[in-house]
Amino acid sequence: MTTNAPDALDQLDDAVAAEAFRRLVRHLRHRHDAQNIELMGLAGFCRNCLADWIRDAGFEGDKLAARELIHGMPMDEWKSTRQAPATEEQLARMETSIAKNRVE
């Protein structure tokens, strides 16, 4: 939904927003059973998206550094210890979900 109305979220204190963001990231680190592909299929974003978003917001590290920050470990380690192969069904749900992210 796009409107010209002010968004109350923009009035949220940066320190409060930062603390909530850190809590979200720590929660996702703890809940590694929630696979990225499942998050993408349900909500249209995942840990890797968060890494991209912090880069968009000004994080000076590269993509791998951003992902390590969000995952709490190097990406290769995450993949080998936490990531299960995606099923065809999960991939299809992800594609459907991502299509909902597009803003016209």
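Residue numbers start at 1 and run along the sequence shown. A quick note: this is a predicted structure, and the numbers were derived from the prediction, not measured.
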For Arg55 and Ala66, indicate whether the former's side chain and the latter's backbone hold a donor-acceptor pair under 3.5 Å.
-> no
Would you give the length of the straight line joining atom CG of Leu64 to atom CD of Glu68, rounded to the nearest 0.5 angstrom?
-> 8.5 Å
Determine yes or no for a side-chain-to-main-chain donor-acceptor pair under 3.5 angstrom, with Asn101 supplying the side chain and Gly44 the backbone.
-> yes
Close side-chain approach of Met94 to Ile98, heavy-atom, < 4.5 Å = yes
Would you check if the side chain of Arg47 reaches a backbone N or O of Ile70 as a donor-acceptor pair within less than 3.5 Å?
-> no
Should Trp53 and Phe45 count as side-chain neighbours, where that means a heavy-atom distance under 4.5 Å?
-> yes
Quick one: pull up CD in Gln35 and CZ in Arg82 and give me the separation to the nearest 0.5 Å.
-> 10.5 Å
When rounded to the nearest 0.5 Å, the distance separating CD of Gln90 from CD1 of Ile37 is 6.0 Å
Kindly give the heavy-atom pair with the smallest separation between Cys49 and Met40, and that separation in Å.
-> SG-SD, 3.8 Å
Rounding to 0.5 Å, atoms OG1 (Thr96) and CG (Leu42) come to a distance of 12.5 Å
Flag if over 12 foreign heavy atoms under 6.0 Å of CG, Asp14 | no
Between Glu89 and Arg93, is the closest basic N to carboxylate O distance under 4.0 Å?
-> yes
Between Glu19 and Val16, is there a donor-acceptor pair closer than 3.5 Å when you use the side chain of the first and the backbone of the second?
-> no
What is the distance from atom OG of Ser97 to atom CD of Glu38, rounded to the nearest 0.5 Å?
-> 12.5 Å
Only one of Asn48, Ile54, Asp62 passes side-chain contact (heavy atoms from CB on, under 4.5 Å) with Arg67, and that residue is Asn48
Flag side-chain contact, heavy atom, 4.5 Å: Trp78 against Asn36 | yes
Check the surroundings of atom CG in Asp76: do more than 12 heavy atoms from other residues, nucleotides or ligands lie under 6.0 Å from it?
-> no
Decide whether Leu69 and Leu24 are clustered together by the hydrophobic rule: side chain heavy atoms of Ile, Leu, Val, Met, Phe, Trp, Tyr closer than 4.5 Å, transitively.
-> yes
Between Val25 and Leu39, is there a shared hydrophobic cluster once you connect ILVMFWY residues whose side-chain heavy atoms come closer than 4.5 Å?
-> yes
Any side-chain heavy atom of His32 within less than 4.5 Å of one from Thr81?
-> no
For the atom pair CE (Met73) and NZ (Lys79), what is the distance rounded to the nearest 0.5 Å?
-> 14.0 Å
